[in-house]
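Everything on this sheet refers to the single structure shown next.
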Amino acid sequence: MQVTPRSVARALLLASPAVVVLLWFGVPQARQPAVAPVPPAGAAAPTAPGGAAVPDPAAQVAAIRPRLPEHAEQVVEYRISVRLDPTAKEVKGRERLTWRNPSGDAVPDLWFHLYLNAFKNSKSTFFKGSGGQLRGDRMPENGWGFVDIVSMKLADGTDLTKAYTFEAPDDGNADDRTVIRVPLPSAVPPGGSVTLDIEFVSKLPRVFARTGFKDDFYLVAQWFPKIGVYEPAGTRGRETGGWNCHQFHPNSEFYADFGRFEVEFTVPASFVVGATGERTARRENGDGTVTYTYVQADVHDFAWTADPNYVEQRHRFSATEDVTAEEYRQVAALLDRSDREVRLTDVEIILLLHPRHVSQAPRYLDAAKLGIKWFGLWYGRYPYKTLTVVDPAPGAGGAGGMEYPTFITGGTSFVLGQWPFNRIRAPEGVTVHEFGHQFWYGLVANNEFEEAWLDEGFNSYSTGKIMEIGYGRDTALVDFLGLRVGAVDVIRAQNAGGRYRYDTVRQPSWSYTPGSYSFYSYTKPEILLRTLEGLLGEQTMARVMRTYHERWRFRHPNSDDFYAVANEVSGQDLTWFFEQAVEGTQALDYEIASVGTRRVAKASGYLEDGGKRSLVPQEKAGDEGEGTGPFESRILVRRRGEFVAPVEIAVKFAGAAPERVNWDGHDRSKRLTFNRPGRLEWAEVDPDRTLVLDTNWLNNAQRVEPDTRVARGVATRWLFWMQQLVAGAGW
Ligand SMILES: [Zn+2]
């Protein structure tokens with residue numbers, strides 16, 4: 001989830017005064033440490049600590065060459081038929097579920113999620129943890145919802161309705177109703193299958209935390225009894241097979257197996273609808289209702305929406321018109337894949353817009369196309385025929401910024417359609433992000449409960465880069481009236497100051513220190529993946545990501561699976577990096593602690609030359625800086641944080657081009673001494689800013705003569721606009 005214009009705006013503008021200050025005073029200045037331009041690092045990639053040799057990544061990739069799978073292994077098949085009761089705000093009906101045992105175990109029971117029961121009452125784990133608030137949204141008063149299983153039977157008629165029990169595997173909360181266990185009369189044999197007929201009623205909550213209704217707007221998500229994931233031994237490092245079926249927590253999302261969904265839903269005839277997959281039938285029932293059927297294979301969830309006020313627009317992403325031959329060629333070269341392998345396919349884009357937001361349709365459409373194009377080119381084509389983009393009704397923002405297979409919800413507001421706020425790229429950012437989940441969560445289906453960084457973090461990293469392509473590196477998020485905010489500016493600002501030090505990126509989403517889920521799931525992963533890209537270089541990183549996606553498309557990886565691909569494709573052992581960046585809490589901060597330069601004093605005293613002795617007087621104190629060289633220059637580089645990484649240090653002497661020195665970064669400090677004809681002008685650690693994890697770039701460079709330029713005028717203007725925005729925050 002869940003990124004809304006409001007949350008983007010908040011992240012951009014309201015997170016803390018430190019963000020405001022750092023965005024201007026910190027990041028841009030640190031980028032330009034007022035020194036002469038530094039030539040690129042060239043081919044000299046930093047070596048890992050320990051000085052491990054670096055094999056040729058291209059040769060590695062050529063040897064691997066995995067293919068992009070066309071289809072998922074089908075574990076589930078859902079046939080669901082329901083009717084929306086707009087008065088009771090209920091969805092009633094039945095599902096026929098066939099579950100195939102993907103393991104070598106005999107499985108004696110089935111576990112299900114009943115997600116809507118998170119909204120059942122104040123005793124649910126979700127409600128207790130959230131207090132009815134999530135991401136700045138408050139649960140509407142008496143907005144409760146639930147899902148009841150009316151009956152559950154095996155295909156042969158055996159009644160299991162009374163057999164199931166509520167479970168609370170995460171916290172033991174006996175009042176939580178979001179997970180059930182269904183014991184079976186006989187175990188499902190390895191490779192065998194079982195079919196159940198389930199009758200259910202879903203009482204929709206008032207829109208909050210991704211799902212529900214507001215007036216006639218319905219976003220029907222997490223709405224049906226949904227089977228958990230039986231993980232065979234070996235999946236995500238498991239030693240024995242077993243069910244993975246977590247409760248619904250405030251910050252947790254979802255995890256499910258792939259299969260085919262065929263869903264028909266009946267709504268009043270005046271409603272405009274959209275859903276996961278392709279519409280295969282529309283039937284008028286003669287009673288003022290219409291029944292729609294949607295089908296999609298190779299997905300692991302299904303959502304739908306209905307609202308009589310929607311304006312529907314249909315557009316097309318064209319694999320030949322929206323991507324140039326040159327772009328295909330460049331990406332194929334970048335990834336070392338054939339032209340055929342990077343080829344995309346056409347996608348029908350269905351926009352469902354609120355009437356007040358119709359003028360912003362081109363923004364949704366451009367962002368959706370940008371996502372289909374670049375996610376597809378980099379990671380592998382979007383394999384579905386449709387993408388439905390939902391613009392939630394005003395006041396239903398809780399349903400916005402969310403992802404389901406082939407179906408995403410964006411979010412904008414009337415204000416964001418007006419100048420100058422239309423230069424805040426919140427609707428675009430949300431759309432690209434939610435589309436990106438088709439790849440990170442949808443196709444590469446990690447366990448969002450346990451390792452949210454593998455979807456949110458990978459997606460934030462990808463989205464940030466694509467926003468830069470679409471909207472400019474320094475203006476990816478905001479560009480108006482002198483205010484320019486890029487993707488890296490925002491994430492770095494959040495990492496500054498060392499506020500977040502107590503959790504690791506890799507831990508269950510409900511276990512973070514309160515208030516820090518989004519930092520560890522979105523922000524820090526984006527920073528650490530950007531850092532990894534800095535360490536490996538853009539091409540190798542692109543191949544790592546591509547290979548990881550190809551290998552894990554339609555499967556369930558964990559962090560270790562990503563590490564393995566990264567090591568393999570890069571030809572490096574990156575354990576040192578992942579242990580610190582993902583599994584550890586170390587902060588990274590390298591600085592130039594001091595710089596100094598002085599002319600090497602002439603030799604003095606009784607000097608011998610060819611048997612002849614002469615007395616040369618000492619130079620007077622204060623003369624050291626005068627005259628011509630040679631000069632002795634000293635630089636102290638310091639590791640201020642616990643995170644150890646190899647770094648480059650650029651040094652510039654008068655009359656010479658900048659030069660570079662490598663340091664393995666291990667010791668707390670390193671003293672560099674140079675004897676050169678010219679005096680030292682400046683020194684800079686990590687001059688290419690590859691270590692985006694560095695919590696402070698302000699201390700990365702020092703000049704021998706301090707530079708006192710301050711861009712005060714611009715900063716004042718920036719802060720003025722910040723205040724205007726915050727004051728008028730009607731969005
Ligand atoms: Zn997300």
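In what follows, every heavy atom counts, from backbone to side chain, and hydrogens, waters and symmetry copies are set aside. Just so you know, ligand 1 is whichever comes first in the structure, and atom 1 is the first atom listed for that ligand. Nothing here was measured: the structure is a model prediction, and the numbers come from that model. The residues of the chain are indexed from 1 along the displayed sequence.
Applying the salt bridge (charged side-chain N to carboxylate O under 4.0 Å, His left out) test to residues at least two apart or on different chains, the pairs with a partner in residues 522-536 are K465-E533, E468-R530.
With ring centers used as reference points, F127 lies under 6.0 Å from W144.
Applying the salt bridge (Lys or Arg N to Asp or Glu O under 4.0 Å) criterion to R316, with sequence neighbours excluded, gives D346.
Residue Y255 forms a side-chain hydrogen bond (donor to acceptor under 3.5 Å, both in side chains) with just one option from H113, E450, E231, and that option is E231.
The Zn ion (ligand 1) lies closest to atom OE1 when only the N/O/S atoms of E456 are considered.
To the nearest 10 degrees, the angle centred on the Zn ion (ligand 1) between NE2 in H433 and NE2 in H437 reads 100°.
For residue D455, no N/O/S atom approaches the Zn ion (ligand 1) to within less than 2.8 Å.
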